[in-house]
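What you see below is based on every heavy atom in this structure, not just the backbone, and it leaves out hydrogens, waters and symmetry mates. All values derive from a computational prediction rather than experimental measurement. To find a chain, count down the sequence lines: A is the first, B the second, and so on, and within it residues start at 1.
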4 protein chains.
Amino acid sequence: MGESEAEACLLDAARRLGRLLAEAGWVVLTGGRPTGVMEAACAGAKSVPGSLTIGILPAGPEGPVSEYVDVAVFTGLGEARNVVNVLSSDVVVACGVQGPGTASEVALSLKAGRPTVLLAPTPRAAAFFSGMAAKGPLQAVETPEAVVSLVEGQLGIPRWRAV
Amino acid sequence: MGESEAEACLLDAARRLGRLLAEAGWVVLTGGRPTGVMEAACAGAKSVPGSLTIGILPAGPEGPVSEYVDVAVFTGLGEARNVVNVLSSDVVVACGVQGPGTASEVALSLKAGRPTVLLAPTPRAAAFFSGMAAKGPLQAVETPEAVVSLVEGQLGIPRWRAV
Amino acid sequence: MGESEAEACLLDAARRLGRLLAEAGWVVLTGGRPTGVMEAACAGAKSVPGSLTIGILPAGPEGPVSEYVDVAVFTGLGEARNVVNVLSSDVVVACGVQGPGTASEVALSLKAGRPTVLLAPTPRAAAFFSGMAAKGPLQAVETPEAVVSLVEGQLGIPRWRAV
Amino acid sequence: MGESEAEACLLDAARRLGRLLAEAGWVVLTGGRPTGVMEAACAGAKSVPGSLTIGILPAGPEGPVSEYVDVAVFTGLGEARNVVNVLSSDVVVACGVQGPGTASEVALSLKAGRPTVLLAPTPRAAAFFSGMAAKGPLQAVETPEAVVSLVEGQLGIPRWRAV
């Protein structure tokens with residue numbers, strides 16, 4: 001998860017994370033729009049042969065979709081689709097947490113008790129969310145490689161394909 | 001789309017349809033629960049190597065999922081997820097149309113202007129829906145093979161994999 | 001519930017029904033848009049002093065609302081708001097059932113086990129829905145007055161105000 | 001908006017805010033459950049004759065509702081109903097912002113560009129949200145009276161009844 005407008009270093013991190021997750025055999029699920037962190041993560045994943053990317057879109061089938069999304073799920077629900085993103089993810093990784101859309105996803109993820117990882121959060125975001133009583137585990141890391149280590153440590157997260 | 005409790009002939013049709021669609025290289029998307037037409041269609045698809053099945057679930061990740069679903073999208077939206085099913089399908093096929101859940105999906109599909117196919121509808125269902133002013137095309141057929149012919153005739157429906 | 005474009009006789013029935021329900025002290029809940037059966041029912045209700053009308057809108061707060069809606073609930077959910085309409089109604093009355101939007105609401109109401117009344121349905125709609133196994137009671141009547149008699153017969157439906 | 005489990009001082013503030021808003025003639029809308037800030041705000045409002053309270057519930061009609069809610073809107077959407085709360089409010093007031101549910105509502109409100117007020121936020125919450133680029137105005141205040149002053153300053157917010 002991440003902003004539709006993000007700085008270059010966050011886009012780089014998202015792209016690398018998408019590639020690493022796909023290389024390790026996991027499905028990459030994003031908000032599916034052709035912009036920002038969503039597109040960067042999917043593009044990174046699709047650089048890996050045999051990868052699978054899912055996009056959960058806020059609009060209906062008339063809306064724009066990233067070309068790096070294999071399966072587009074059109075919800076027509078607007079921002080309420082953020083709940084679907086979070087519930088459908090085995091681990092929710094927020095790349096940045098600078099804008100309200102991503103912040104809502106982190107909060108909804110903690111509310112739903114999903115394992116949540118903040119990748120390169122601002123100090124304020126880390127302080128705010130880590131001080132919150134949440135049902136699921138929350139961790140903050142600095143690199144995509146550290147995200148993958150965490151995800152590998154979480155038991156039972158199904159892989160899409162053998163690697 | 002179809003009922004969670006269905007007669008044997010409808011389950012057979014759903015299984016055959018799932019297999020035929022997967023053989024032709026399309027993704028099979030259902031409501032994802034481990035029962036009825038949903039499970040039969042996914043099971044048929046998964047009998048084909050390289051197939052891909054998506055389940056759009058009414059519950060959150062604690063709810064039951066068919067073992068034949070590759071990617072489970074947990075919405076937590078209850079029956080409102082029927083809208084997501086319909087908007088995310090290039091063609092909506094209703095297998096049976098005997099209960100209110102499937103009827104709502106056919107109606108929502110017609111409302112959204114999606115191409116809609118009634119497979120083996122009752123005469124009452126066919127009469128009711130075919131008499132309705134709808135934005136999208138509606139057709140009624142008797143066999144899974146006829147569904148596939150229709151879907152192949154619809155231009156621009158993306159295949160998941162070459163066949 | 002009813003179509004956004006409806007014949008004069010259905011609009012008359014909706015207006016009369018809205019007035020009768022408001023006179024009897026019930027809240028009138030519709031889809032809230034400034035058109036068709038929704039607006040007619042709210043306008044009828046608002047001809048009664050002390051009445052209360054609720055509109056459950058498909059769009060966000062930028063979308064159009066009937067001037068006869070007291071409380072606008074903006075969902076931003078598109079057609080998925082039909083589920084909210086149905087779940088929030090003590091009795092669901094479909095005025096007409098000629099288009100797919102209203103048909104989806106009747107089907108979702110039957111699926112959710114809500115008491116459902118078809119007002120002046122076409123013979124095909126009555127045949128289709130009355131033949132369906134549903135959790136909640138379904139009845140078809142010809143006049144708004146008959147709807148009110150049915151609603152009064154249903155126990156435990158709370159009134160908004162004493163009459 | 002606020003937590004279902006909150007400290008006594010926040011419950012007091014919510015009760016006072018509900019009463020003040022109702023006295024000034026505004027509708028009070030909450031998440032509708034019989035607990036915490038939601039119930040306190042509704043209870044405060046219902047201490048005022050002629051007040052109107054709306055509850056937007058996560059569950060369907062079988063779920064619990066506060067006795068201080070006049071109109072219960074049952075969504076069946078789980079946490080996705082937070083989006084409905086926010087879009088339907090002329091001003092979103094978060095009483096506390098200590099848990100993930102309320103944090104998601106503040107974030108969704110900022111994302112949707114709704115006027116948003118943080119009542120008695122923690123320093124971390126105030127720092128996090130005030131540093132965020134948002135479409136709508138955000139302000140932090142310490143008392144319910146200050147919220148009402150802000151709301152009165154916002155032009156065009158319709159009153160439910162003359163005072």
Only residue of C:T116, C:L110, C:L108 satisfying side-chain contact (heavy atoms from CB on, under 4.5 Å) with B:P100 is C:L110
Taking atom CD of C:E145 as the centre, report whether more than 12 heavy atoms of other residues, nucleotides or ligands fall under 6.0 Å from it. yes
Query - Within 6.0 Å of CZ in C:F74, more than 12 heavy atoms from elsewhere - result: yes
Relative to the ring of B:F129, is the ring of C:F128 parallel (under 30°), tilted (30 to 60°) or perpendicular (over 60°)?
perpendicular
Rounded to the nearest 0.5 angstrom, the CG-CG distance for B:L77 and C:L77 is 8.0 Å
Turns out that what part of B:V97 lies under 4.5 Å from chain C's heavy atoms comes down to both
Closest non-hydrogen atoms of B:A103 and C:M132, given as atom of the first, atom of the second and distance, are CB-CE, 3.9 Å
Nearest heavy-atom approach of C:V83 to B:E79 is CG2-C, 4.0 Å
Okay, C:Q98 and chain B: the region with an atom under 4.5 Å from a heavy atom over there is backbone
Among C:G78, C:A107, C:G131, the residue with the most heavy-atom pairs under 4.5 Å to chain B is C:A107
